[in-house]
Amino acid sequence: MTDPVDAWRRLAGTCVLLDGFHALKHAVRFGAEVPVAVTADRRAALALADELAPDVRGTLDALLTEVPYETYASLVPRPHPTAVAALAVRPSRQASLRALTDAARRAPVVVLDQPRNLGNAGAVIRLAAGFGVAGVVTTGTLDPWHPTVVRGGAGLHFATAVERLTVDELPRGPLFALDPEGEDIRGLKLPDDAVLAFGSERSGLSAELRARADHLVALPMRPQVSSYNLATSVAMTLYHWSATGGAVPT
Ligand SMILES: C[S@@+](CC[C@H](N)C(=O)[O-])C[C@H]1O[C@@H](n2cnc3c(N)ncnc32)[C@H](O)[C@@H]1O
């Protein structure tokens, strides 16, 4: 049997850190390949699995190796209260592009146009997973697989396609760009093949993206408030899609 610490040190540079029980549980549920998983307290981790994830309890039982707490703590940037950590293989760019460009996709793609805040990107990936959208694309320099984004996504990067693309590479579909100056979303039905684009925290939609938009759409907001937070804007828009006929997987 391979020593988990050796395996960890060998794979840490290329794999994605799943920090804590919940991230591991989500990643396993959505089919992530997990070559190594450790815990400082196997009994407590499996008790959590019994309580919160009986569907993947058997897989977690097979994956988790107990190591001393000091060893666990030496493998992660900051120990998690559940003392569970794992490494997962990042899906290939080709696989993500296949999902994003699927001509028969039945749910929108979310585009974050030059986002800056890693926490916002993680929160949006979690939302995208919850609503069953086809994927989250970022433009610009932020890496949507940055460890801080993965931590914010709670292991749900494996439940939706996540990729960085240029504006020229965006998936096909009617482009709805969210902007306070747009048409009121309450009068619109967002189609299932929509590409829903959101601007950066500081400067909003880029000129490049704005020029390509088929529709500019506004979320209701009283006068004198300038804008909503990026992740909450995505939440409201996806909720609107679902409330007007969009099918969230059950
Ligand atoms: C924090 S806001 C950007 C604020 C930025 N200072 C600006 O000039 O637009 C981030 C993004 O959330 C979306 N957003 C925020 N409030 C919105 C609203 N009321 N209607 C539509 N989109 C909104 C837009 O896509 C916006 O670009």
Side-chain angles (χ1 to χ4, degrees), residues 96 100 105 107-146 148-154 156-157 160-246 248:
S96 302
L100 290 165
R105 72 182 162 81
V109 167
V110 170
V111 176
L112 302 183
D113 187 26
Q114 304 186 14
R116 290 280 175 265
N117 184 293
L118 297 163
N120 267 339
V124 167
I125 288 162
R126 196 166 176 172
L127 280 166
F131 280 96
V133 311
V136 177
V137 168
T138 57
T139 69
T141 54
L142 181 143
D143 173 9
W145 285 87
H146 184 285
T148 305
V149 182
V150 173
R151 193 172 312 125
L156 289 163
H157 277 62
T160 189
V162 177
E163 200 52 70
R164 176 164 48 171
L165 299 174
T166 65
V167 170
D168 287 339
E169 294 169 328
L170 289 184
R172 288 190 191 186
L175 180 54
F176 289 77
L178 275 285
D179 185 271
E181 299 299 315
E183 183 184 348
D184 192 327
I185 197 169
R186 289 171 291 183
L188 295 175
K189 176 169 165 40
L190 299 171
D192 293 344
D193 64 345
V195 176
L196 305 173
F198 300 82
S200 83
E201 295 85 346
R202 206 166 305 157
S203 43
L205 294 163
S206 67
E208 201 184 357
L209 201 136
R210 201 178 273 274
R212 284 180 173 245
D214 298 303
H215 309 270
L216 273 190
V217 181
L219 297 162
M221 196 169 64
R222 70 186 280 188
Q224 297 167 311
V225 175
S226 312
S227 68
Y228 293 120
N229 159 274
L230 173 57
T232 55
S233 300
V234 175
M236 284 187 269
T237 305
L238 291 180
Y239 179 76
H240 180 78
W241 167 71
S242 75
T244 52
V248 178

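As the structure is a computational prediction, the values presented were derived from the model and not from experiment. Ligands are counted one by one from 1 in listed order, and the atoms in each one are counted from 1 as well. Counting begins at 1 with the first residue of the sequence.
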Q: Identify the heavy atoms of Trp145 and His157 that sit nearest to each other, and give their distance.
A: CH2-CB, 3.5 Å
Q) How about Val149 and Val162: do any of their side-chain heavy atoms sit closer than 4.5 Å? A) no
Q.
Going by salt bridge (charged side-chain N to carboxylate O under 4.0 Å, His left out), name the residues that satisfy it together with Arg172, two or more places apart in sequence or in a different chain.
A. none
**Q.** Any donor-acceptor pair under 3.5 Å from Thr139 side chain to Thr166 backbone
**A.** no
Q) Does a side-chain heavy-atom distance below 4.5 Å link Asp193 with Val109? A) no
Quick one: ligand 1 N/O to protein N/O pairs below 3.5 Å?
from	atom 1	to	atom 2	distance (Å)
ligand 1	6 (N)	Arg202	O	3.0
ligand 1	12 (O)	Ser233	OG	3.4
ligand 1	14 (N)	Ser233	OG	3.2
ligand 1	16 (N)	Tyr228	N	2.9
ligand 1	19 (N)	Leu219	O	3.4
ligand 1	20 (N)	Leu219	N	2.9
ligand 1	22 (N)	Asp179	N	3.4
ligand 1	25 (O)	Leu178	O	2.6
ligand 1	25 (O)	Gly199	N	3.0
ligand 1	27 (O)	Gly199	N	3.1

Q: Give a yes or no on whether a salt bridge exists between Asp113 and Arg212, defined as a side-chain N under 4.0 angstrom from a carboxylate O.
A: no
